[in-house]
Amino acid sequence: MQKIEKLTAAGFPVAVRSGVVLVDFFAQWHGPCHKQGDLLNALADKDSFPEDVRITKVDIDEAPVIAAKFEVEVVPTLVVFQDGEEVGRITGCTDEAGVMQLFQSRK
C-alpha cells in the first residue's frame with residue numbers, strides 16, 4: 001500500500017524534483033476534495049496503478065504560494081510532475097479512468 005504524503009510549501013520543490021509525482025491540490029473544507037482523496041487512496045492500492053508514480057497532496061490553505069505558483073484556482077486539481085516539470089493536469093473531480101489517463105502517454 002502506497003502512503004499518500006502530505007507536502008508542505010517547504011517540502012514541495014524537493015518532492016517533485018525527480019521522478020513522477022501526482023499532486024492532489026485540495027482543501028480540507030471542500031467535500032468533493034474528500035471524494036477525490038478517497039479515490040486516490042483506493043488507486044494507490046491497485047496493482048494497475050503505475051508503481052513508479054508517487055501520490056502526494058497539498059492543502060491549498062496551508063500552502064497558498066504553491067497553489068498560486070501553479071495557478072490552482074479550482075479544487076480538487078490533480079497535477080502530474082515528471083522530474084520537476086508539469087506534464088499533466090485535471091481540474092475538478094474525476095474518476096479512476098480520468099486519473100489513469102494522465103499516465104497513458106508515458107513510456
Show me the side-chain donor-acceptor pairs of residues 57-71 shorter than 3.5 Å, one per line, residues at least two apart or across chains.
unit_1	atom_1	unit_2	atom_2	d
Asp59	OD1	Asp61	N	2.9
Asp61	OD2	Trp29	NE1	2.6
Glu62	OE1	Lys6	NZ	3.2
Glu62	OE2	Lys6	NZ	3.2

With heavy-atom distances below 4.5 Å as the criterion, would you say the side chains of [X] and [Y] are in contact?
X: Phe49; Y: Asp47; result: no
X: Val21; Y: Val80; result: no
X: Leu102; Y: Leu22; result: yes
X: Thr77; Y: Ile90; result: no
X: Val20; Y: Phe81; result: no
X: Pro50; Y: Met100; result: yes
X: Gln36; Y: Leu78; result: yes
X: Asn41; Y: Ile4; result: yes

For [X] against [Y], the heavy-atom pair lying closest together:
X: Leu7; Y: Ala15; result: CD2-CB, 3.5 Å
X: Leu39; Y: Glu96; result: CD2-N, 3.8 Å
X: Ala10; Y: Pro13; result: O-CD, 3.5 Å
X: Gly92; Y: Val74; result: N-CG1, 4.4 Å
X: Phe25; Y: Val75; result: O-CG1, 3.8 Å
X: Pro76; Y: Asp24; result: CB-OD1, 4.0 Å

Find the distance between [atom1] ([X]) and [atom2] ([Y]) and round it off to the nearest 0.5 Å.
X: Cys93; Y: His34; atom1: SG; atom2: NE2; value: 11.0 Å
X: Thr91; Y: Glu73; atom1: OG1; atom2: CD; value: 9.0 Å
X: Phe26; Y: Leu40; atom1: CZ; atom2: CG; value: 11.0 Å

Residues that, via side-chain heavy atoms closer than 4.5 angstrom, fall in one hydrophobic cluster with Val14: none
same_hphob_cluster(Val16, Val72) at 4.5 Å side-chain heavy-atom cutoff: yes
Side-chain (Arg54) to main-chain (Lys3) donor-acceptor, under 3.5 angstrom: no
Pairs flagged by salt bridge (Lys or Arg N to Asp or Glu O under 4.0 Å) wherever residues 84-93 is involved - sequence neighbours left out: Glu86-Arg89
